[in-house]
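Input: a single structure, listed below in structure tokens.
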Protein chains: 2
Amino acid sequence: MTLFDRPPVGMNLARTSKVVAQAFDAAMVEAGGTLPVWVTLLSVKSKELANQRELAGMIGIQGATLTHHLNGMEAQGLLTRRRDPENRRVHQVALTEAGEALFEKLRLAAVAFDKRLRAGIPDDRLAEFAEVLAALRANVAPAE
Amino acid sequence: MTLFDRPPVGMNLARTSKVVAQAFDAAMVEAGGTLPVWVTLLSVKSKELANQRELAGMIGIQGATLTHHLNGMEAQGLLTRRRDPENRRVHQVALTEAGEALFEKLRLAAVAFDKRLRAGIPDDRLAEFAEVLAALRANVAPAE
DNA sequence: ATCTAATCGTTAGATATCTAACTTTGTCTT
DNA sequence: AAGACAAAGTTAGATATCTAACGATTAGAT
């Protein structure tokens with residue numbers, strides 16, 4: 001019995017993403033954080049940059065999940081939240097000194113990890129790889 | 001301030017895998033299942049005599065997670081577990097008729113999804129893509 | 001034969017994530 | 001100005017996953 005005509009792309013993608021994410025999390029733990037803490041720090045930090053929208057999309061977590069992590073990190077003293085006086089719906093999130101320090105540590109670890117991840121793969125292959133990833137996302141986008 | 005020299009490969013991979021997995025889960029729900037139910041059925045089906053540890057390894061989940069899904073699916077009448085008389089530590093997992101029927105339905109939906117996912121991407125591009133995925137896995141493998 | 005190891009699976013407890021509903025606040029329409 | 005709509009964030013409840021500890025069973029060593 002043959003289950004599939006060919007090896008499904010999605011399965012391969014999911015398996016790879018999982019092992020890579022687990023390895024990344026291990027690297028973050030070694031640097032004193034976790035993957036979600038890194039993602040949250042990055043998202044907070046990127047609000048200070050111009051391309052906030054783009055990075056927020058890249059990170060891809062829901063608001064409720066962000067709230068969850070912000071709660072934990074606020075309790076750990078990594079950041080503070082306060083209402084924006086200009087628009088009281090908005091929470092202004094700012095990193096404490098400890099938060100900034102952890103961010104920098106994790107950022108370096110993330111850069112090192114990405115270097116390890118890309119090792120031996122030429123830039124043009126990586127560029128094509130990114131194009132295929134974008135095509136896959138487009139193919140499953142809701143408004144087709 | 002520049003956070004990264006270049007867009008990190010891992011972030012792109014994770015984001016893509018996430019949206020693709022969500023779309024796949026939606027397709028499975030439409031066909032009467034879920035993503036984890038599908039992978040569990042698939043692994044049971046592709047090796048009827050496997051023990052639970054082997055099944056979990058195929059799917060890429062831990063034994064405890066598999067127990068969780070098998071519990072749910074057994075309660076739904078999709079499969080049965082019984083002790084192997086030869087080695088009473090082992091649980092033999094078998095699909096019921098309902099399990100077989102659901103498997104076939106989900107299999108068709110999975111094939112259709114994969115067709116949609118790969119739409120417009122030439123086979124040689126997909127082959128290169130799979131090679132890069134394999135290289136990424138190798139680069140984070142523990143025993144480098 | 002009995003004590004020790006390993007194996008298989010489950011249970012318990014923790015974390016991460018999602019969706020849906022709700023609260024608060026601001027904006028827009030008429 | 002009032003009521004409806006939109007936006008930002010939180011809360012509640014659900015599912016999926018992990019690790020660690022455990023119980024049952026088997027295999028191996030002496």
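Convention: sequence-line order gives letters A, B, ...; per-chain numbering from 1.
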| task | Answer yes or no: is there an ion pair linking A:R118 with A:D114, defined by an N-O contact shorter than 4.0 Å? | result | yes

| said: Going by the rule salt bridge (charged side-chain N to carboxylate O under 4.0 Å, His left out), which residues pair with A:R137 if we only count those two or more places apart in sequence or in a different chain? | reply: none

| query | Would B:H91 and B:R82 count as a side-chain hydrogen bond (donor to acceptor under 3.5 Å, both in side chains) if you check the C-alpha gap in whole Å, the side-chain angles of each, and the deciding distance to 0.1 Å? | reply | CA-CA 5 Å; B:H91 267 170; B:R82 68 174 217 277; over 6 Å; no

| field | side chain to side chain contact (heavy atoms under 4.5 Å, CB included) partners for A:A21, two or more places apart | value | A:L35

| note | Once base and sugar-phosphate atoms are separated, protein heavy atoms under 4.0 Å mark nucleotides 9-22 of chain D, 5' to 3', with B, S and - as SBB----SBBB---

| said: For a quick test of reading the model, state the closest non-hydrogen atom pair linking B:M28 to B:T34 and the distance between them. | reply: CB-C, 3.6 Å

| note | In whole angstroms, the gap separating P of C:dG26 from CD of A:E86 amounts to 10 Å

| query | If we call it a pair only when both distances are under 3.5 Å in a Watson-Crick or G-U wobble match, what pairs with D:dT26? | reply | none

Protein and nucleotides 21-23 of chain C: nitrogen or oxygen contacts under 3.5 angstrom:
none

| said: Pairing check on C:dA5: which nucleotide meets the Watson-Crick or G-U wobble criteria with it, both distances under 3.5 Å? | reply: none

| With under 30° as parallel and over 60° as perpendicular, where do the rings of B:W38 and B:F24 fit, or are they tilted in between? | tilted

| remark: Residues at least two apart in sequence or cross-chain that pass salt bridge (charged side-chain N to carboxylate O under 4.0 Å, His left out) with A:D123, listed by chain then number, are B:R6

| Nucleotide C:dG9, atom C1' - distance to CG of B:D84 in whole Å | 13 Å

| query | A:R125: what forms a salt bridge (charged side-chain N to carboxylate O under 4.0 Å, His left out) with it, not counting sequence neighbours? | reply | B:E128, B:E131

| said: By the rule that syn is within 90° of 0, classify the base conformation of C:dA5 as syn or anti. | reply: syn

